[in-house]
Amino acid sequence: MASSLVPLSAPHPSWFTPKRLLVIFCVINMLNYVDRGTIASNGVNGSLGTCTSSGTCTSGSGIQGEFNLNNFEDGVLSSAFMVGLLVASPIFASLAKSVNPFRLIGVGLSVWTLATAGCGFSFNFWSITICRMLVGVGEASFISLAAPFIDDNAPIAQKTAWLAIFYMCIPTGYALGYVYGGLVGTYLNWRFAFWVEAILMLPFAVLGFVMKPLNLKGFAPAESKQALVSEEMAVQEVQDTEALNHSAKPTKEKFSHMFSKMKCTCIDLNQFSRFIKDIKALLVDKVYVVNVLGYCAYNFVLGAYSYWGPKAGYKIYNMSDADLIFGGITIVCGILGTLAGGYVLDLMKSTIPNAFKLLSVTTFLGAIFCFTAFCFQNMYAFLAFFSVGELLVFAIQGPVNYICLHCVNPSLRPLSMAISTVSIHIFGDVPSSPLVGVLQDAMNNWRETSLILTSILFPAAGIWFIGIFLHSVDRFNEDSEGQVTEVDRSNATPLLEPRVTETSDSSAS
């Protein structure tokens, strides 16, 4: 008698290929960072009003001028969205074990869209600050979950290159935001910049709900979990019915209901316990910790560059079009540097030690060029050296995230990305923007402030250099905790191309 094999194929979107997934995620990521560049641009951020000794005063412009913000408040505004991002990232990463990650991205993008539109309707410092916090909440789901999806679907020999393409959208988005914010602020009003962003993101938020969801490697598909829960509920209902039939006492039903509540509470406690266990697993992983520490120091500098760069360039070198100049440099260097970092690591062979080598060397050389650039009095010499420095420091995006994804068990990847995001913002660009604002208020010299800031890249290179000598194992192909059946594991692998269903001759007939 011929035996039939269980079909492992699952319905898949007819047009949704891995490359299209990458393109969609890149556009979403770019919109996220266009928003950050927009609020940092001189056109949207603006400046305070000034008065000359003769008594002639000019009104302020943009957000800073309209709400009369000092440099510290202005720096806080740039970091406000990080509060929502930091709080929500671990939550979304934990929910990925019980809710389909693709749906979570849809929820996050919906919040982002509404909050960005709210920024355009803000009426004072606190109203726009709260909206910026909610923008961070919306972005949290995407930041935590997008990279694992890309890593799952990328060709084996091009994983770092695909990650580099995705993270290339960070500098590109920032740069486009500078230019976009400058143009909108000049010709329309800074509020329109946020309204247009919300309109552009809306279709992707809707897509997260209407499209058939994908699953992540190492996670059982949502259908399997729902089926298991339904089965348990059905068994419980049968047991409750039998108990009621054998006894007319209403207390039986009450005790059964109380028992169900206690059971749900135990499940919630187990989920919290698992979250704490996963956090501990990340914190004791030396490779992961060293990688994130270097990333924190790096992001401290890049975060302040991205926010204060146009203003510093305008003050030091009298750049009349600082938004356009910094935007143009960041677009070219960001694209070339980020892609080069990913492709070079693939050519070297994508391993964790090789990734650390690339991180330490490119960051050290980039720090030398950026530091030297601010020492020049001539604007063109500054632009030449600063461009080379940015080209080198942007090369880290692919390798640093490759380490975060491959040094942990597959089931920990969303949490790994979430904790990495939380860490680099708490110790990186969240404090850097307001601290640089305070430093500049005290020193009143943008050149010296920029040199002090740039010097922090050297410790970042040193931390990553230590990572070369740590014992590391690529854990991408490890089993995910032994909780997923073979069928679920095959279904959980998000292969977007058609899969062949295996059946016997008897089944076919």
Side-chain angles (χ1 to χ4, degrees), residues 26 29-30 32-34 36-38 40-42 160-161 163-182 295 297-314 316-317 319 321-346 358-376 378-401 424 428-429 432 450-451 453-458 460-461 464:
C26 282
N29 202 30
M30 188 163 309
N32 282 328
Y33 284 91
V34 163
R36 299 192 195 183
T38 297
S41 68
N42 288 335
T160 317
L163 287 173
I165 292 172
F166 176 71
Y167 285 104
M168 173 195 71
C169 298
I170 295 177
T172 307
Y174 259 125
L176 289 176
Y178 290 153
V179 178
Y180 164 72
Y295 203 10
Y298 167 91
N299 213 54
F300 188 95
V301 179
L302 267 290
Y305 271 177
S306 64
Y307 190 72
W308 293 112
K311 190 164 289 187
Y314 175 77
I316 298 173
Y317 298 103
M319 294 182 187
D321 297 318
D323 283 341
L324 297 177
I325 293 174
F326 269 83
I329 291 175
T330 306
I331 285 178
V332 175
C333 297
I335 292 175
L336 295 179
T338 306
L339 291 179
Y343 281 107
V344 168
L345 183 57
D346 283 334
L358 195 60
L359 291 174
S360 58
V361 171
T362 57
T363 304
F364 182 75
L365 295 176
I368 292 175
F369 275 92
C370 289
F371 190 89
T372 305
F374 283 107
C375 295
F376 286 107
N378 182 274
M379 183 183 72
Y380 297 103
F382 162 78
L383 292 175
F385 272 75
F386 190 73
S387 297
V388 176
E390 278 209 323
L391 188 70
L392 289 164
V393 296
F394 277 125
I396 72 103
Q397 294 294 341
V400 74
N401 288 287
I424 66 174
D429 49 8
S432 71
S450 301
L451 288 171
L453 174 66
T454 304
S455 64
I456 299 174
L457 286 173
F458 292 104
W464 279 325

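Judged as a side-chain contact (heavy atoms from CB on, under 4.5 Å), and not counting sequence neighbours, the contacts of Tyr317 are Met319, Met379, Phe382, Arg447. Take Thr38 and apply the side-chain hydrogen bond (donor to acceptor under 3.5 Å, both in side chains) test, not counting sequence neighbours, and it matches Glu197. Take Tyr343 and apply the ring-ring contact (aromatic ring centres under 6.0 Å, His included) test, not counting sequence neighbours, and it matches no residue. Applying the side-chain hydrogen bond (donor to acceptor under 3.5 Å, both in side chains) criterion to Tyr180, with sequence neighbours excluded, gives no partner residue. Taking Ala384 as the reference, nothing meets the side-chain contact (heavy atoms from CB on, under 4.5 Å) condition, with sequence neighbours excluded. Under the side-chain contact (heavy atoms from CB on, under 4.5 Å) criterion, Ser432 pairs with Phe300, Ala304, Asp429, sequence neighbours left out. Asn32 is linked by a side-chain contact (heavy atoms from CB on, under 4.5 Å) to Ile28, Asn29, Trp112, Glu139, Phe142, Met201, counting only residues two or more places apart in sequence or in another chain. Listed by chain and residue number, nothing satisfies the side-chain hydrogen bond (donor to acceptor under 3.5 Å, both in side chains) test with Ser450 (two or more places apart in sequence, or in another chain).
A heavy-atom distance below 4.5 Å is found between the side chains of Val400 and Trp464.
In the displayed structure, Phe364 atom CZ is contacted under 6.0 Å by at most 12 heavy atoms of other residues, nucleotides or ligands.
For the residue pair Cys169 and Cys26, the shortest heavy atom distance occurs at SG-O, 3.3 Å. Of all heavy-atom pairs spanning Leu451 and Cys375, the tightest one is CD2-SG, 3.9 Å. Contact between Ala367 and Leu457 at its shortest, heavy atoms only, is CB-CB, 3.5 Å. Considering all non-hydrogen atoms of both residues, Met30 and Leu176 come closest at SD-CD1, 3.6 Å. The minimum heavy-atom distance linking Leu358 with Gly341 is given by the pair CD2-O, 3.4 Å.
Not a single donor-acceptor pair under 3.5 Å links the side chain of Asn299 to the backbone N or O of Gly428.
Atom-to-atom distance recorded for Thr363:OG1 and Ile368:CD1 is 11.5 Å, nearest 0.5 angstrom. In this structure, the separation between CD1 on Ile170 and OH on Tyr33 is 4.0 Å, given to the nearest 0.5 Å. If you take OG1 on Thr172 and CD1 on Ile165, they are separated by 11.5 Å, rounding to the nearest 0.5 Å.
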Throw together a table of side-chain donor-acceptor distances under 3.5 angstrom for residues 385-398, partners on residues two or more places apart or in other chains.
residue, atom, partner, partner atom, Å
Ser387, OG, Leu383, O, 2.6
Gln397, OE1, Tyr295, OH, 3.3

